[in-house]
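Input: a single structure, listed below in structure tokens.
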Amino acid sequence: NFTCPVQTVPDFLAGSLSDEKRLPTSSYRLGVKSARLDTLYPTDITASIKDALREFGRMKGASFIGDEALLHGAETRTSSPVVIIRDRETLESTSIRGLYPAGEG
């Protein structure tokens, strides 16, 4: 299934599992499930993320570390061996008229 693991920022900072019944709403449409995201990465990476969240939390008017702040599980990226040949001048696809590929690579 595509349920996303989540943890509130306060629980991430404290190293505790978020209460499933008290999770804030998420815009992720396929559902969320409480998980220990603080154990997902090596400890030095987790420590850096915690430091950054605390710094963000010090910003005036910011709510990065409040009870409604919800971290979603790690995003992964994949690649595809698709190559789209472009016209050198217009950058339009040479095989699909009106297609201007962007963002790959």
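For clarity, every value in this text was computed on a predicted model and none was experimentally measured. The basis for the numbers below is simple: all heavy atoms, side chains too, and nothing from hydrogens, waters or symmetry mates.
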> Could you walk me through whether Ser93 and Arg86 pass the side chain to side chain contact (heavy atoms under 4.5 Å, CB included) check?
Replying inline: CA-CA 4 Å; Ser93 166; Arg86 299 177 181 90; 5.9 Å; no
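- Side-chain contact between Arg54 and Leu13: present, with at least one pair of heavy atoms (C-beta onward) separated by less than 4.5 Å.
- The shortest distance between side-chain heavy atoms of Ile85 and Val83 falls below 4.5 Å.
- From Asp38, atom CG reaches atom NZ of Lys50 across 5.5 Å, with rounding to the nearest 0.5 Å.
- Classification of Asp19 and Lys21 as a salt-bridged pair fails, no side-chain N sitting under 4.0 Å from a carboxylate O.
- In this structure, Tyr100 OH and Ile84 CD1 are separated by 13.5 Å, a value rounded to the nearest 0.5 Å.
- Across all their heavy atoms, Pro10 and Gly66 have their closest contact at CD-O, 3.4 Å.
- When side chains are defined from C-beta on, Tyr28 does not count as touching Thr3, because their heavy atoms never get closer than 4.5 Å.
- No side-chain heavy atom of Thr8 sits less than 4.5 Å from a side-chain heavy atom of Asp67.
- Nearest heavy-atom pair across Val9 and Leu70 is CG2-N, 4.5 Å.
- Between the CG atom of Leu53 and the CZ atom of Arg58 there is a distance of 11.0 Å, given to the nearest 0.5 Å.
- Using a 4.5 Å heavy-atom cutoff, the side chains of Leu23 and Ser34 are in contact.
- Side-chain contact check for Leu71 versus Val6: every heavy-atom pair is 4.5 Å or farther apart.
- The backbone N or O of Leu37 lies less than 3.5 Å from a partner atom in the side chain of Gln7, making a donor-acceptor pair.
- Once rounded to the nearest 0.5 Å, the distance linking CZ of Phe12 with OG1 of Thr46 reads 5.0 Å.
- The two atoms that bring Glu68 and Pro24 nearest to each other are OE1-CB, 3.2 Å, heavy atoms only.
- The closest side-chain heavy-atom distance from Cys4 to Lys33 is not below 4.5 Å.
- With hydrogens and angles left out, the side-chain atoms of Asp11 and Ser16 include a donor and acceptor closer than 3.5 Å.
- Rounded to the nearest 0.5 Å, atoms OH (Tyr41) and CD1 (Ile49) are 5.5 Å apart.
- Glu92 places no side-chain N or O within donor-acceptor distance of the main-chain N or O of Asp87, the cut-off being under 3.5 Å.
- Transitive grouping of hydrophobic side chains (ILVMFWY, heavy atoms separated by less than 4.5 Å) brings Val32 and Phe2 into a common cluster.
- From Ile45, atom CD1 reaches atom CG of Leu40 across 11.0 Å, with rounding to the nearest 0.5 Å.
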